[in-house]
Amino acid sequence: MVHYLTPAEEGNRTDEKIEQEVLLEVSGINKRYSGVPVLRDVSIQVRRGEVVGLVGENGAGKSTLSKIVAGYLASDSGTIEFDGRRRKFKNVREAEAAGIVMIPQELQTAPHLTIAENMFAGSLAARGGVVNRRELFRATIEQLRFFNITADPLATLSTLTVSEQRLVMMAARLSKRASLVILDEPTAALTDDETATLFAHVRRLREQGVAWIHVTHRLDELEVIADRVVAMRDGRVAETFESPVGKRRAIVRAMIGSDVAKLRTRHTTPAPANEREVVLSLSNLSVRDPDNRDKFRVKDVSLQLRAGEVLGLFGLVGAGRTELARAIFGSWAGEVSGDVRLYGSPWRARGPADALASGVAMLTEDRKSTGILQGQSVNANISSASIRAVSPGTIISRAAEYRRNQGLARDLGVRPLNLRAAVETLSGGNQQKVLLARWLATNPRILILDEPTIGLDVGARLEVFDLIRKQAQEGRAVLLISSDLEEIVTQADKILVMYKGRINAELPPNSPRHEVMLAATGKDTQWRL
Amino acid sequence: MAIVTSDQERTEGESVRRGFSLRTLPIDPQFIALGIAFIVLAVLFQIGTSGVFFTPRNLSLLLRQGSVVAVLAAGVSVLMIMGQIDLSIGAAVYLVGVFVAQLDINSDLPIYVLVIAGIAAGCVLGAWQGFWVVKLAVPSFVVTLAGLLMFRGVGWLWTNAETVAPVSEDFIGLSESFTPTGLSVIALTVIYVVSLVAMVVSAQGDRKYGLPVDTVKLIGRIAGLTVPFVFLVWISSGFLGVPAAVVWAAAIGLVLTVVMQKTRFGRNSYLIGSNREAARFSGIPVRKLTFYSFVLMGAIYGVGAVLLTARLGSAPANMGINLELTAIAAAVIGGTSLSGGKGTVIGAIAGALLLSTIDNGMGLMNVSSFAQTVVKGAVLLLALAVDAFVNRRSLTRI
Ligand SMILES: Nc1ncnc2c1ncn2[C@@H]1O[C@H](COP(=O)(O)OP(=O)(O)OP(=O)(O)O)[C@@H](O)[C@H]1O
Ligand SMILES: [Mg+2]
């Protein structure tokens with residue numbers, strides 16, 4: 001339910017704001033890559049104790065702007081005034097020293113170092129050059145508590161799931177002293193609970209005068225947390241909204257430059273009949289922790305995946321969804337036990353190559369470490385899992401490859417549509433589209449999608465929903481893993497909710513959200529169909 | 001916290017890096033830098049040697065001197081693109097060299113059998129190292145460091161560290177003979193015309209299939225073909241013909257370039273080098289291909305050993321010492337990244353020729369070989385600095 005403010009109310013809020021002191025004044029920023037303008041004459045203002053939502057389509061320039069403010073990038077022209085002083089940060093350290101902390105979209109981690117070392121890299125508690133282990137340990141435990149993560153600070157980071165890693169790194173950065181915090185899509189893979197925890201923290205610090213720039217594609221969050229919204233389009237500030245409440249449509253219009261007709265919430269077609277062929281069935285599948293055999297990441301999970309169906313798998317961070325998917329795909333390092341059947345016959349993927357050969361494809365959730373092939377072209381990134389399909393011989397048939405990839409990239413709306421561009425020059429959302437294209441190109445029978453819409457803008461998200469539906473209609477079986485309640489509830493034909501490695505509930509499509517959420521927090525199991 | 005990007009694109013053969021204000025250039029700035037380096041050195045040496053440097057006779061010698069390193073640099077660039085390294089090259093070349101020299105001296109086997117035997121022996125060494133890297137997951141740095149010690153040690157045990165000599169005239173001819181002048185010019189012209197036609201036809205084909213064709217790049221490539229052609233014709237018609245060693249190096253360069261740019265193996269090598277995990281998740285047989293590339297490197301040991309033994313006329317105990325470092329340096333100068341995923345075979349060969357030019361020119365100028373080593377080290381540093389400058393990663397500011 002949307003509450004529209006009366007103009008008077010709005011006016012009041014605005015007046016209040018103007019009195020507040022300006023903390024950050026960015027004026028006339030320009031930035032080009034290879035001569036292509038990415039930011040054009042961008043000016044924004046952030047006041048003390050204010051949360052500014054920064055929105056825009058994929059590639060609009062949000063991350064670039066954030067990086068410039070936080071000292072990761074230099075602008076070509078324009079000025080930044082921070083805390084009443086004209087600043088030109090040479091690097092991240094200078095910006096941090098001045099009080100600007102950023103949590104980038106793609107967090108850089110060292111998976112083989114310990115959790116503690118990762119969290120405090122660069123600010124390791126040291127005495128005379130020697131790292132103070134005890135202090136480090138204490139600080140880590142304290143920060144981990146922030147998102148209710150129980151983990152051994154001395155375990156290596158790679159023992160955590162990707163979303164846990166993200167939370168851990170975020171907690172660490174949030175502990176720094178700052179007067180401006182920039183969050184670039186922090187909530188992309190968080191469940192509502194984790195988002196709520198984050199927002200509580202944001203509010204607490206806002207009271208103390210800390211200002212926030214919050215980059216997001218989840219527009220519903222804006223009403224909850226943002227005091228003001230800046231909408232970007234094609235590298236420009238399209239419009240600024242004082243108080244976002246009730247302005248969702250207008251914000252979207254400012255972002256995409258056209259009307260919002262296609263922004264209905266879509267509901268799935270009714271669940272397909274149960275006589276559809278069972279493609280994949282798991283019985284009592286258990287997945288053990290690779291480092292600790294006694295610990296189960298997934299315990300006794302049984303499920304059936306049918307052709308033409310989208311099976312939703314919901315759960316909180318650490319529920320075991322990714323582990324389950326990886327076990328199916330053959331890419332789990334630990335022990336997997338139980339019975340897996342593919343079209344009725346016993347089957348177990350010995351590795352991703354094996355899984356792909358059997359028609360099982362999986363989009364992984366950690367774009368950076370298991371997805372993107374840095375330094376390579378968009379073309380090579382799309383083809384990486386399916387080069388045989390276009391080139392059965394030894395020599396690559398470039399024309400066939402190019403035509404297929406161009407078609408996929410166009411369908412998915414990859415921008416810029418230049419297959420020769422190096423993949424890391426694309427914005428986060430566009431990289432995600434490239435990865436989706438990679439897996440669609442394999443023409444799989446079973447498509448496992450782990451957080452497919454991470455980082456996608458509103459329009460692209462709906463397009464991906466359509467695409468998922470189309471995959472199902474063409475007879476593929478889709479296992480949709482998501483932390484996004486809305487996505488699961490509206491897109492899945494059947495919803496399985498995992499809690500602590502087990503399936504806690506099986507719910508019909510369009511189930512009430514609170515029921516799904518309750519099951520995900522382990523409250524009740526009586527809804528089992 | 002670094003956002004690591006390499007402003008680089010690589011599709012269908014070319015490696016084009018766009019950097020800083022040079023970003024808009026259609027040709028790899030590093031190749032331009034290499035070209036400039038060649039020209040500057042040529043002018044310096046020409047002056048310094050009062051005209052001896054730039055003669056067909058000397059350039060022919062330069063090419064023969066550079067061929068062994070060119071072959072090995074081409075091979076190691078493949079491994080490096082995959083994210084591996086090989087420190088055993090010099091020792092492996094020595095061991096295989098001892099093997100073929102012994103065979104040549106102690107048997108009447110025809111020359112081509114000796115060559116095949118050398119390549120096979122090299123493949124065995126490559127497979128041995130590949131086994132440790134792939135099956136036992138020992139880093140290639142360690143495995144090939146062990147190879148560096150073991151292979152030379154085995155060679156010394158076998159020969160008591162005595163020079164194996166002399167190899168037959170026929171064997172020496174593998175590297176030091178020349179194709180007759182007239183035939184050379186005709187053959188070169190045929191090869192040139194065929195490659196030119198192939199390039200244009202392939203571009204036309206691309207256009208027909210809707211692949212965008214970059215005309216400037218095509219012109220760059222034609223120039224890249226024409227300049228060496230003109231030089232080779234000049235050198236070979238001015239001095240005896242094309243040296244056999246150059247034929248070997250060109251053949252290896254051509255084969256490896258086709259493999260790396262046109263085949264699935266080559267494509268997958270780049271992908272493995274740029275992100276091993278992601279490549280594995282894409283279903284690329286990472287371990288198998290890594291093993292193959294070590295065997296391929298082994299075959300290159302064989303070719304390198306035959307060429308070097310033929311050139312030296314023997315297999316002395318210090319044969320190939322530091323060759324791995326020269327080969328790796330050549331690959332790096334030619335744009336191959338030590339962290340994988342980036343580089344070209346042609347670049348590595350160009351790097352080898354640059355090092356050979358320095359050796360040759362400074363040798364003519366009677367600069368001590370100690371000073372030559374210093375200069376080569378400086379060139380390596382300079383190459384990396386140029387690379388860092390053109391790719392100045394405005395994103396990576398730590
Ligand atoms: N290193 C680079 N080289 C060339 N172009 C780049 C580079 N980095 C970013 N771009 C381009 O800049 C534009 C803006 O990218 P940016 O990452 O700021 O988008 P964004 O608004 O954060 O998008 P998203 O919502 O997908 O994260 C994109 O068109 C992108 O392709
Ligand atoms: Mg972004």
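- Shown here for B/S282 and A/L356, the closest heavy-atom pair between the two residues is O-CD1, 3.3 Å.
- To the nearest 0.5 Å, the span separating CD1 on A/I387 from CD1 on B/I284 amounts to 9.0 Å.
- Nearest heavy-atom pair, A/I372 versus B/N275, reported as atom, atom and distance to 0.1 Å: O-ND2, 2.9 Å.
- A salt bridge does not link A/K368 with B/E277: every distance from a Lys NZ or Arg NE/NH1/NH2 to an Asp or Glu carboxylate oxygen is 4.0 Å or more.
- When the options B/K262, B/Q261, B/R267 are evaluated for a side-chain contact (heavy atoms from CB on, under 4.5 Å) with A/I396, the one that passes is B/R267.
- For B/F291, the CZ atom sits in a packed shell: over 12 heavy atoms of surrounding residues, nucleotides or ligands are nearer than 6.0 Å.
- Your options are A/A355, A/S386, A/S384, A/S391, and the one with the most heavy-atom pairs under 4.5 Å with chain B is A/S384.
- Among all heavy-atom pairs drawn from A/R398 and B/S202, the shortest one is NH2-OG, 3.5 Å.
- Here the CD-OG distance, from A/Q376 to B/S274, works out to 4.0 Å after rounding to the nearest 0.5 Å.
- For the pair B/R264 (side chain) and A/P392 (backbone), a donor-acceptor distance under 3.5 Å is present.
- Between A/L373 and B/A278, the closest heavy-atom pair is CD2-CB, 3.9 Å.
- Among A/A400, A/S383, A/S369, the residue with the largest count of heavy-atom pairs under 4.5 Å with chain B is A/S369.
- With a 4.5 Å cut-off on side-chain heavy atoms, B/F281 and A/R326 count as touching.
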